[in-house]
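Here is the structure we will look at.
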Number of protein chains: 2
Amino acid sequence: MSLNSADLEKKIRDARLRPTRQRLALAELLYAHGNRHVTAERLHSEVMETGVSVSLATIYNNLHQFTSAGLLREVVVDSSRSYFDTNVTPHHHFFHEQTGALEDIPKGALSVQNIPSLPEGTEISSVDVIVRVTTPRR
Amino acid sequence: MSLNSADLEKKIRDARLRPTRQRLALAELLYAHGNRHVTAERLHSEVMETGVSVSLATIYNNLHQFTSAGLLREVVVDSSRSYFDTNVTPHHHFFHEQTGALEDIPKGALSVQNIPSLPEGTEISSVDVIVRVTTPRR
DNA sequence: GTATATTTTATAATAATTCAAATATGCAAT
DNA sequence: ATTGCATATTTGAATTATTATAAAATATAC
Ligand SMILES: [Mn+2]
Ligand SMILES: [Mn+2]
Ligand SMILES: [Zn+2]
Ligand SMILES: [Zn+2]
């Protein structure tokens, strides 16, 4: 559940990526302490706070490289921002529309049934369920 | 299923909006011939092709005004672009990842079951299912 | 018709993301 | 170990989609 420096470096090397200073700092934030959902902007502020200077362009490059390597998945919930998820196993999400918080819906709980026949000549890439929630003002 | 000019004008007036030349041209494209899914850019090119000049700012203004009035809903499927849907009844979507095409999954067909208990203090705003499809390269 | 409110639009601003030039890394040859 | 070199990586600058501003144009109410 918790990865140390050596584990992180192996994870990066196994993805055929170089363990640069920037990449290691990002991997530490993403993977050292359990699953998370992050935006590029959030990850950028966090890494800057640790004292490692990383440009926002590098954040995006790495988020996408990690995604291509299967180390992250992108979750589309908000048209103005991309979220990346360190949990790459199939699962769904709660999305809090006011706070922007994403929360996993554990696999097995929720189920999607009776998907009708797909558009001609296509195959399923993924099925994404977003349960949008709000805190009612009382 | 198919609205004429008078219907369109009524629809606009009922939403407390003025039936301007631009707004009528947009409503015609959106509502005169059945349900559709459009991006701002697509709607802009279409309206320009009809010979009615409408600025992109006006397209965005109207898409949002229509959405606030409940005449459109926004569908979040692609983090780089907003889609607007003239079908405001609850339903789900197929999204073709290569072409960007959105297609309705008729209400009643697909069902979502066993949504686990919501995060503390929240209520459901909507449940959105996106079935992402691709055309496999053969 | 005139007053008032709404709408449009040119232009500027913003935020997320991508591009391309500059730099760092890994590896092979010495 | 050091050097040379191809390739990967980083980052400042550019691009894109979208939103804000604010002045001119238009629609409605009287
Ligand atoms: Mn730590
Ligand atoms: Mn027509
Ligand atoms: Zn998740
Ligand atoms: Zn739809």
query = Is a side-chain N or O of B:Gln98 found less than 3.5 angstrom from the main chain of B:Thr135, in a donor-acceptor match?
reply = yes

inquiry  = Treating A:Tyr31 as the side-chain partner and A:Asp7 as the backbone partner, does any N or O pair qualify as donor plus acceptor under 3.5 Å?
reply    = no

query = With sugar-phosphate meaning primed atoms plus P, OP1 and OP2, does A:Arg16 contact a base, only sugar-phosphate, or nothing at under 4.0 Å between heavy atoms?
reply = nothing

key: Members of residues 59-81 of chain B that approach DNA chain D, where some heavy atom sits under 4.0 Å away   = B:Tyr60, B:His64, B:Ser80, B:Arg81

query = Hey, does B:Ser53 reach any base, or is it just sugar-phosphate, or nothing, if we go heavy atoms under 4.0 Å?
reply = sugar-phosphate

Indicate every side-chain donor-acceptor pair of residues 105-122 of chain A with a distance under 3.5 Å to a residue at least two apart or in another chain.
unit_1: A:Thr122; atom_1: OG1; unit_2: A:Pro119; atom_2: O; d: 2.6

ask   = If each of B:Ala40 and A:Pro19 is mapped to the nucleotide of DNA chain D with the nearest heavy atom, which maps nearer the 5' terminus, i.e. the 5' end?
value = A:Pro19

Bounds of contact between DNA chain C and chain A, in 5' to 3' order, using a heavy-atom cut-off under 4.0 Å = C:dA16 to C:dG26

task = Quick one: list whatever passes ring pair (Phe, Tyr, Trp, His ring centres under 6.0 Å) with A:His93, sequence neighbours left out.
result = A:His37, A:His91

key: Distance, nearest 0.5 Å, that separates CD1 of B:Ile130 from CD1 of A:Ile130   = 7.5 Å

message = Once ring pair (Phe, Tyr, Trp, His ring centres under 6.0 Å) is applied, what residue pairs with a partner in residues 51-81 of chain A remain, sequence neighbours excluded?
response = A:His64-A:Phe84

message = Minimum heavy-atom separation for B:Leu3 and B:Lys11, please, with both atom names.
response = CD1-CD, 4.1 Å

message = Counting C-beta onward and ignoring hydrogens, is there a side-chain heavy-atom pair between A:Leu56 and A:Glu41 closer than 4.5 Å?
response = yes

ask   = When you list every nucleotide of DNA chain D with an atom under 4.0 Å from a heavy atom of chain B, which one comes first 5' to 3', and which comes last?
value = D:dA17 to D:dT28

task = Indicate, with a heavy-atom threshold strictly under 4.0 Å, whether A:Glu41 touches base, sugar-phosphate, or nothing.
result = sugar-phosphate

message = Checking A:Ser125 against B:Glu97: is there a side-chain donor and acceptor pair closer than 3.5 Å?
response = yes

ask   = Using a distance-only test with no angle check, is there a side-chain donor-acceptor pair under 3.5 angstrom linking A:Thr67 and A:Glu74?
value = no

message = Within the 4.0 Å heavy-atom criterion, would you say A:Thr58 contacts the bases, only the backbone, or no part of the nucleic acid?
response = base

key: Exercise: do A:Asn35 and A:Asp104 side chains pair donor with acceptor under 3.5 Å   = no

note = Per nearest nucleotide of DNA chain C, the residue lying toward the 5' end, B:Arg21 or A:Arg21, is B:Arg21

query = For A:Leu56, which contact category applies under a 4.0 Å heavy-atom criterion: base, sugar-phosphate, or nothing?
reply = base

